[in-house]
Amino acid sequence: MKIANKKITAERLVRDALKKAKHFADYNIFTFINEENAIKKAREIDEKIAKGEKVGKLAGVPYALKDNFLTPEGETTASAHILQGLTSPITATAVAKLEAEGAIMIGRTNLDAFAHGSSTENSYFGPTLNAYDKERVAGGSSGGSAVAVALDIVEFATGTDTGGSIRQPASFNGIYGLKPTYGCISRYGVVAMASSTDCIGFFTKTPDDMDLLMSIASGQDPKDMTTLPDYYNESDAKNERKPHKIGVIKEFDNESVNSEIRRALKEKCELLESKGHKIIELEMPSLKYALSAYYIIVPAEVASNLSRYDGIRYGFRSENSTSLDSLYDHTRSEGFMPENKRRIMIGNFVLSSGFYDAYFLKAAKARTLIIKEYEKAFSKVDYILSPVAPNPAFKLGEKVNDPVAMYLEDVMSVSLNLAGVPGLTIPAGRTKTDLPLGLQLVGPRRSDKKLIEFAKELI
Ligand code: GLN
C-alpha cells in the first residue's frame, strides 16, 4: 500500500481518497465522510515527515471504517436508526492501534443494521451497490467496506465477521477479506452482535497488506477478556517447503453450489497440485448442522446484546411516548430494522424456559460437534479450501424479503465462526458475466499468519 513519505504527502493520499469517495457517491458506501479531521491528521503527519521525525507503519494511509466501530469521529450508527445521534466518547482498541501507526479514517461505511444480514440491504440508509454490477448486492454485512476497497477508494477497510460478514462481501467484490481466529483482535469498542462469534478483521487488495494490518491490530487487550496473547506476531509465517495437504469438503460439492464457483475451486486445486501440493477430499458431516445452530446461537446473543438499546442511554429516542414503558416500546419499534426485530424475537424464544433445552442447548451441542469436526479435519490436512457462499453476488431485492433464502447464503461461512477458526477470502477469477468469484482458505486456530502467507500460493 502507498504510505506517506518525502515523495508523496499524507495530505495528497487523503485528498485523493476523499475525491474518489465523492466520485463513487452513487454506490452508497459511506454513512459519514471524515473530511476535515482526515485532512488535519494528514497535515500533522506531513509536518512530522518534513521534520524528519519518526512516523508509523501506516503513515497517512487512508482507510474506511465499518460503521459499527466506536470512535469520537462522526456518529457510530451501525446503520441502525436507533443509534443515530450516538457520538462515542471512546475509541475501539483496533482503531486506536491503526491510528497510532498513522492510518487515517476518511469515512464510515454502510452495513446491514447491527451487522444482521448478507447483502447490506438491511441498512437504515439503503443498500450499497456491488463494485462490479450496480444492480447487484455488495454482500454483507460489511458491504460498504468491501466496495470501498474494491473501487480503490481506500487502501484497506475494517470489518466484523460474525458469520461471514467479511468473507462473503470480499468474495462478491473480488478482494481479500480475513476473519481471524476468535480472540485475535480486541472487540472492545465494537458494537456487539453475537459475542461468542464476533471477530474483527480487514479487507485488503493483497495478502501482504493483510499481514501488515494483522501485525498491528492483533494482541491481548485488558478491555476484552476474550482476547488471546499476541500469537500472531510470534508465529512463523513460513510454510515449511513440504507439499501441503489441502482439504476440499465433499458435502459442499453439490448441485446447490453455483457451477462457476465449483469450477473456480477446481481450477485453484489444479493450481495447487501443479505446485506440488496435495488435494484431499474431506467428509465433514457435522457441518450440515452449522446453519441451524448458528441461527439459534446468534439470535440468542443478539437478543441479549440489543436489550441495552432502550432510548435512554444511546442514540435515538422516540418522541411518541407517554410513559417509560411506552418510551421503550416506541423507541425499539421505530429504531430497529425488521431483521433486528426478527432476531430479537427468535433469540428470546430459543432462550425461554421450555424451549431452552430443545433449541439453545441442542445448538450448543451441535457447535461442539462442529468444533470437533474441524479438529479432526486439521489432523489430516493443513488447510481447507472451500466456497465462501453458494452463489456470486445476487440481484438487489432478490432475497431481501425472504429471510430463509438470505440465511441460506451463509451456509458455508458460519461454521468457521462457531468453531473459532480463521478464514481468508481470496479472489478466484470471474464469472462469464464478469462478476468476481472468491474462495475461502481455512486454517486451524492461530494459523492466521501462515494462512495469509499460503494465500500467495493461490495467486
Ligand atoms: N450473514 C450472517 C448473518 O446475517 C453473518 C453476519 C455477520 O457476520 N455479521 O448473521
Side-chain angles (χ1 to χ4, degrees), residues 66-69 78-80 109-123 127-128 137-146 157-172 177-180 182 185 187 190-203 290-306 336-347 350 363 367 387-391 393-394 398-425 438 440:
K66 187 176 180 181
D67 194 15
N68 56 354
F69 286 70
S79 292
T109 59
N110 198 17
L111 62 144
D112 287 296
F114 287 106
H116 303 172
S118 318
S119 66
T120 313
E121 290 166 290
N122 294 334
S123 165
T128 296
V137 299
S141 64
S142 319
S145 281
T158 68
T160 57
D161 191 312
T162 301
S165 279
I166 292 176
R167 288 161 288 144
Q168 185 252 31
S171 80
F172 282 12
L178 176 71
K179 176 208 107 61
Y182 179 78
I185 300 178
R187 291 180 291 115
V190 180
V191 177
M193 180 175 165
S195 309
S196 81
T197 67
D198 285 350
C199 289
I200 311 305
F202 302 104
F203 295 91
L291 195 69
S292 319
Y294 175 88
Y295 275 103
I296 291 171
I297 292 169
V298 166
E301 295 187 27
V302 160
S304 310
N305 276 324
L306 295 188
F336 285 125
M337 297 296 282
E339 184 58 29
N340 307 140
K341 294 179 193 170
R342 196 173 291 127
R343 294 186 190 213
I344 291 170
M345 291 201 291
I346 295 172
V350 299
R367 183 180 197 168
V388 182
N391 296 297
F394 44 92
E398 192 182 316
K399 297 180 197 274
V400 70
N401 297 318
D402 183 348
V404 175
M406 191 71 91
Y407 297 168
L408 281 168
E409 275 302 299
D410 305 332
V411 68
M412 290 150 167
S413 56
V414 297
S415 66
L416 280 74
N417 301 71
L418 294 175
V421 297
L424 173 65
T425 290
Q440 60 184 341

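Counting starts at 1 for both ligands and their atoms, in listed order.
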Participant: Hey, are N340 and H116 close enough side-chain-wise for a donor-acceptor pair under 3.5 Å?
Facilitator: yes
Participant: Enter the distance from Y295:OH to R343:CZ here, rounded to the nearest 0.5 Å.
Facilitator: 4.5 Å
Participant: Which bit of E339 is near ligand 1, meaning a heavy atom under 4.0 Å away: side chain, backbone, both or neither?
Facilitator: neither
Participant: Near Y294, which atoms of ligand 1 are under 4.0 Å from a heavy atom of that residue?
Facilitator: 2 (C), 3 (C), 5 (C), 6 (C), 10 (O)
Participant: Do any nitrogen or oxygen atoms of T162 come within less than 3.5 Å of a nitrogen or oxygen of ligand 1?
Facilitator: yes
Participant: For R167, is the nearest heavy atom under 4.0 Å from an atom of ligand 1?
Facilitator: no
Participant: Under 3.5 Å between some N or O of ligand 1 and some N or O of R343?
Facilitator: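 Yes; at least one N/O pair falls below 3.5 Å.
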Participant: Counting non-hydrogen protein atoms only, what is the nearest one to atom 3 (C) of ligand 1? Give residue, atom name and distance.
Facilitator: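 It is Y295 OH, 3.2 Å.
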Participant: Quick one: are V400 and N122 in side-chain contact, heavy atoms under 4.5 Å?
Facilitator: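 Yes, at least one pair of side-chain atoms sits under 4.5 Å.
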Participant: Have a look at ligand 1 and work out which part of S141, if any, has a heavy atom under 4.0 Å from it: side chain, backbone, both or neither.
Facilitator: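 For S141, only side-chain atoms sit under 4.0 Å from ligand 1.
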Participant: Within this structure, what is the CD1-OG1 distance for the pair I166 and T425, rounded to the nearest 0.5 Å?
Facilitator: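 Going from CD1 on I166 over to OG1 on T425, the span is 9.0 Å.
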Participant: Could you tell me how the ring of F336 sits relative to the ring of F114: parallel (under 30°), tilted (30 to 60°) or perpendicular (over 60°)?
Facilitator: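 F336 vs F114 ring planes: tilted.
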Participant: Can you figure out which of G164, P403, S165 has its heavy atom closest to atom 7 (C) of ligand 1?
Facilitator: S165
Participant: What part of D410 sits under 4.0 Å from ligand 1 if we count only heavy atoms: the side chain, the backbone, both or neither?
Facilitator: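 The part of D410 near ligand 1 is the side chain, not the backbone.
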Participant: Using a strict cut-off of 4.0 Å, indicate which atoms of ligand 1 neighbour a heavy atom of G163.
Facilitator: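 That gives atoms 5 (C), 7 (C), 8 (O) of ligand 1.
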Participant: Looking at side-chain heavy atoms only, is the closest gap between T120 and V137 below 4.5 Å?
Facilitator: no
Participant: Taking distance alone, with N or O pairs closer than 3.5 Å, would you say G140 contacts ligand 1?
Facilitator: no
Participant: Report the C-alpha distance between E301 and S196 in whole Å, list the side-chain angles of each, state the deciding distance to 0.1 Å, and finish with yes or no for side chain to side chain contact (heavy atoms under 4.5 Å, CB included).
Facilitator: CA-CA 8 Å; E301 295 187 27; S196 81; 2.6 Å; yes
Participant: Mind checking whether E339 and M406 have side chains closer than 4.5 Å, heavy atoms only?
Facilitator: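 Answer no - side chains too far apart.
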Participant: Among the heavy atoms of V298, does any lie under 4.0 Å from an atom of ligand 1?
Facilitator: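 No, that is not the case, since the closest heavy atom of the residue is not under 4.0 Å from the ligand.
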Participant: With nothing but distance in play, are any N or O atoms of S118 less than 3.5 Å from an N or O of ligand 1?
Facilitator: yes
Participant: Taking non-hydrogen atoms only, is M193 closer than 4.0 angstrom to ligand 1 via side chain, backbone, both or neither?
Facilitator: side chain
Participant: Classify the contact between F114 and ligand 1 as side chain, backbone, both or neither, using a heavy-atom distance cut-off of under 4.0 Å.
Facilitator: neither
Participant: Just which atoms of ligand 1 are under 4.0 Å from any heavy atom in D161?
Facilitator: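 Here the atoms of ligand 1 in question are 8 (O).
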Participant: May I ask you to decide if G117's main-chain N or O and S141's side chain share a donor-acceptor pair within less than 3.5 Å?
Facilitator: no
Participant: Nearest 0.5 Å please: distance from the CD atom of Q440 over to the CD atom of Q168.
Facilitator: 10.5 Å
